[in-house]
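First up is the structure itself, then whatever we jot down about it.
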Amino acid sequence: MSGVKQMIEVQDLSVTYASPLGPVEALSHVSLTVNEGEIVAICGPSGAGKTTLLRCLSMLQLPSSGKILVDGEDVFAGTSHDVRNARQKIGMVFQGFNLLRSRTALGNVILPLEIRGVSRKGASEKACKYLDLVHMSHRRDFYPHELSGGEKQRVAIARALVTEPRVLILDEPTSALDPETAGSIVQSLREINHSKGITMLIVTHQIDLLAPICDWVTYLREGQLSEAPGSSREATPAEARVAAGGIVQ
Amino acid sequence: MTWFDSAWLGRVGGLLFRSTLETLGMVLGSLIGGQILGLALGITLILVRPGGLKENRTLHSVLNSTVNIGRSIPFVILMVTIMPFTRLLTGTAIGPIAAVVPLTVAAIPFVARLTETAMLEVEAGVIEACLSMGATWQQIVRYVLVPESLPSLIAGAATTAVNLVGYSTMAGAIGGGGLGDLAVRYGYQRWQTDVMLAALVILVGMVQGMQFIGDRMSAKFRRR
């Protein structure tokens, strides 16, 4: 498609771990392209390599071979300083929320801005804006242990968005939530995608819940990607379920 | 209690007060020194450990062994062994000011190990979250490791303070001053059991107070 910008390009990515029983190939020659503004879901069974792929995308793990380009830049090509800069283009929402217990909701959202050296006042104003975006302004002074699972997830999303990344990566964003809360989080993701045009890559088991907001769905099985029937970008939620072949719960 | 009257207080009150201040001074001085240096050593151990943010197996092995050796030397032997160093720093090897040196040296490996243990409890996922935000290792120490482990660090400081009270009495027994010195000189050498008991009551109260303050402060920062 001409005129469409490729935001994430994964090229022939392989990750091999050493183990006492010999090398384990977690990802095998994975290639994936996500265009700007798309929402893409990756589903697959446990141990398929989904988390390894996300860790590579967020530069927490070095691949054995292959490349990852975000917004046209090879994220592993530069120095550690370049890697830190590249990381700032990507917002990451973790499965376990990973909020700091010692900070309030507002303090957690301010953190990425503090890391970038933004002034306290400017960081606070911006963090409030993003807490408002995820409907969490009324809980800004609450500590994580005082928040419900859905509220923690909203704070984690605000924290990932506050630096205005080009890409948002979400690892099982709804798995720890009840159906109603999960539905409202999915709705929020759709709104954020529409209002900010942020590219989203979502790893999920709950394809029924997330497929309706996704532009397309792909499957990771035994370290290899397989696309949905026909053109993957045309897969409907129903096709997604069929193509998952019962492996996605 | 026939001996606890105004005449008795007038006779030994001043001694007890001065010795208490000496003990508090020794404990506080060595606690501050031990915490600063022990915290730095503990953070270094965390950073250079296998899988750490600045992994360096050789340095970790050296520091780890140093901490183990430091913790295994009995305090009385340590105090005597480092007397030349103490004399070099303070100009004397006896008295409460000189005792701060070996007390600090004894506290460093203890605090380092407590710091390492406290920081190992910080969830790896939280550190990874900060790395994914582009944080440097210095920022992770400042924003994650220290604040997230603060309740355990405070509890560790209270334990260290209580240990230092015990060590300070040993220091007193060999010329370090303070309540230990008072108890030995009056209680043991002059058979004045009342002075020894009074020193003991003050020491018990001191330990209780330190533990109480440590527990309260630790609870204040613990968010679970």
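Chain naming here is simple, since letters A, B, ... match the order of the sequence lines and numbering starts at 1 in each.
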Item to check | Contact listing (chain B partner; residues 117-130 of chain A; heavy atom under 4.5 Å) | outcome: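 So far as heavy atoms go, nothing in residues 117-130 of chain A approaches chain B to under 4.5 Å.
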
Checklist entry - Hey, which residues of residues 146-168 of chain A are touching chain B, say heavy atoms under 4.5 Å apart? => result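 Under the 4.5 Å heavy-atom cut-off, R159(A) qualify.
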
Checklist entry - Using non-hydrogen atoms only, which part of I169(A) is less than 4.5 Å away from chain B: side chain, backbone, both, or neither? => result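 When you check distances to chain B, no heavy atom of I169(A) falls under 4.5 Å.
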
Item to check | Engaged part of Q95(A) at the chain B interface, taking heavy atoms whose separation is under 4.5 Å | outcome: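 Neither part.
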
Item to check | Q139(B) versus chain A, the contacting section by heavy-atom distance below 4.5 Å | outcome: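 Only the side chain of Q139(B) comes within 4.5 Å of chain A.
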
Item to check | Per-residue contact mode, E123(B) against chain A (heavy atom under 4.5 angstrom) | outcome: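 The side chain, not the backbone.
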
Should we say atom [atom1] of [X] is surrounded by more than 12 heavy atoms from elsewhere, each under 6.0 Å from it?
{"X": "I94(B)", "atom1": "CD1", "value": "no"}
{"X": "K67(A)", "atom1": "NZ", "value": "no"}
{"X": "K220(B)", "atom1": "NZ", "value": "no"}
{"X": "L78(B)", "atom1": "CG", "value": "yes"}

Next on the checklist: I need the minimum non-hydrogen distance between L100(A) and Y143(B), along with the two atoms involved.
Outcome noted: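 Closest approach of L100(A) to Y143(B): CD2-O, 3.1 Å.
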
Checklist entry - Do you know the tightest heavy-atom contact between L60(A) and L131(B)? => result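 Smallest heavy-atom distance, with atoms named: CD2-CB, 3.7 Å.
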
Item to check | Heavy-atom pairs under 4.5 Å with chain A, option from P151(B), G134(B), A135(B) with the top count | outcome: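 Highest number of pairs under 4.5 Å: G134(B).
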
Checklist entry - Hey, which of P147(B), S132(B), C130(B), A124(B) has the most heavy atom pairs under 4.5 Å with chain A? => result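 Ranked by contacts with chain A, first place is S132(B).
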
Contacts under 3.5 angstrom, residues 21-46 of chain B side chains, donor-acceptor by atom type, not counting sequence neighbours:
unit_1 : atom_1 : unit_2  : atom_2 : d
E22(B) : OE1    : G178(B) : N      : 2.7
T23(B) : OG1    : S19(B)  : O      : 3.2
T23(B) : OG1    : L179(B) : N      : 2.8
S30(B) : OG     : M26(B)  : O      : 2.7
S30(B) : OG     : V27(B)  : O      : 3.2
T44(B) : OG1    : A40(B)  : O      : 2.7

Checklist entry - What is the distance from atom CE of M133(B) to atom CD1 of I90(A), rounded to the nearest 0.5 Å? => result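 Going from CE on M133(B) over to CD1 on I90(A), the span is 13.5 Å.
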
Checklist entry - In Å, rounded to the nearest 0.5 Å, how long is the span from CZ of R103(A) to CD of E148(B)? => result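 Here the interatomic distance stands at 9.0 Å.
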
Next on the checklist: By the ring pair (Phe, Tyr, Trp, His ring centres under 6.0 Å) test, which pairs, at least two apart or in different chains, include something from residues 55-97 of chain B?
Outcome noted: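 Applying ring pair (Phe, Tyr, Trp, His ring centres under 6.0 Å) to every pair that reaches into residues 55-97 of chain B, excluding sequence neighbours, yields F75(B)-Y167(B).
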
Item to check | Polar side-chain atom of N98(A) near backbone of G125(B) as donor-acceptor pair, under 3.5 Å | outcome: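 Such a contact is found between N98(A) side chain and G125(B) backbone.
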
Checklist entry - Can you find a heavy atom in the side chain of E128(B) that is under 4.5 Å from one in the side chain of M92(A)? => result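 The answer is no, as the side chains (C-beta and beyond) never meet within the 4.5 Å cut-off.
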
